[in-house]
Amino acid sequence: MMKFKRHLIRGSLLLTVTFFLPAFVIAQDGITVLTGAELTRIVPPGFYFQGLSAMTQMRNSAAARFGANRYVIAGLVDTSGYAADVRAKYEGFLITDSAIKINGSALGIGAYGFGFTNTGKLNILDLAGNEIFSVFTTKDNQMIRPRPLMMLKSGNGIRLYSGKDYAEIVAK
């Protein structure tokens, strides 16, 4: 009888671990949009693009953590020192320390410039100002108080918003 109880206890423990282990793994792979001091620590105070440095608009910056230590950081910069043609296509930076997809288009690890257009597109640029790709954005008409730039958690990714327009970012 004692052997049966031991086997029953071991079996119950094994089943418990088997059922709850996936929950711990899923929790580690969660997405967190950063705020407050954690956001301030992550966002750089300035950004280099096309031969110039610009100050980050901290109030218009956002970051998300994928899992334990994978980040996507975006921020608008002060482009007043840039030429008009550069300002027309570049408004901020996007930094990722892991491969991501933006509306299905693959983007590798690195630092990039970006700009949302009036025609409903998000352009991703390398640091020299060359376009890497352009994706169509979606308009969120349910958004009550749009901000110039923000991130919101959405399903298995995040939405990078410029006003009511957004692009979906997911980890690869």
Between side-chain atoms of residues 31-51 and protein atoms elsewhere (two or more places apart, or another chain), which donor-acceptor pairs fall under 3.5 Å?
residue	atom	partner	partner atom	Å
Glu38	OE2	Arg65	NH1	2.4
Thr40	OG1	Gly36	O	3.1
Tyr48	OH	Gly51	N	3.3

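- Each salt bridge (charged side-chain N to carboxylate O under 4.0 Å, His left out) pair with one or both residues in residues 47-61, not counting sequence neighbours, would appear here, but there are none.
- The salt bridge (Lys or Arg N to Asp or Glu O under 4.0 Å) check on Lys139 picks up Asp165, with sequence neighbours excluded.
- Taking CD1 of Ile169 as the start and CD1 of Ile158 as the end, the distance is 4.5 Å to the nearest 0.5 Å.
- The line from CD1 of Ile132 to CG of Leu125 is 7.0 Å long, rounded to the nearest 0.5 Å.
- Note on residues 115-138: pairs passing ring pair (Phe, Tyr, Trp, His ring centres under 6.0 Å), not counting sequence neighbours, are Phe114-Phe116.
- Ala62 and Leu149 make their closest contact through N-CD2, 4.2 Å (heavy atoms, listed as atom of the first residue, atom of the second, distance).
- Cluster partners of Ile144, using a side-chain heavy-atom cutoff of under 4.5 Å among ILVMFWY residues and allowing indirect links: none.
- For residues 143-156, no residue pair satisfies the salt bridge (charged side-chain N to carboxylate O under 4.0 Å, His left out) rule, not counting sequence neighbours.
- Note: Ser134 OG to Ile124 CD1 = 8.5 Å, rounded to the nearest 0.5 Å.
- Counting only residues at least two apart or in different chains, salt bridge (charged side-chain N to carboxylate O under 4.0 Å, His left out) contacts with residues 103-120 are absent.
- Clustering of Ile, Leu, Val, Met, Phe, Trp and Tyr side chains at separations under 4.5 Å leaves Val170 isolated, with no partner residue.
- Across every non-hydrogen atom of Ala167 and Ile102, the tightest pair is CB-CG2, 3.9 Å.
- We find the NZ-OG1 distance between Lys164 and Thr137 to be 13.5 Å, quoted to the nearest 0.5 Å.
- With sequence neighbours left out, the salt bridge (Lys or Arg N to Asp or Glu O under 4.0 Å) criterion links Asp78 to no other residue.
- Contacts classified as salt bridge (charged side-chain N to carboxylate O under 4.0 Å, His left out) and involving residues 124-138 (residues at least two apart or in different chains) are not found.
- Cluster partners of Met150 are Met143, Leu152, Tyr161, Tyr166, counting Ile, Leu, Val, Met, Phe, Trp and Tyr whose side-chain heavy atoms approach within less than 4.5 Å, directly or via other members.
- Between Asp140 and Arg159 there is a side-chain heavy-atom pair separated by less than 4.5 Å.
- Smallest separation of non-hydrogen atoms from Leu160 and Ala74: CD1-CB, 3.9 Å.
- Within the structure, side chain to side chain donor-acceptor pair (under 3.5 Å) contacts touching residues 88-116 (residues at least two apart or in different chains) are Arg70-Ser98.
- Both Ile95 and Met58 are assigned to one and the same hydrophobic cluster, defined by single-linkage of ILVMFWY side chains at heavy-atom distances under 4.5 Å.
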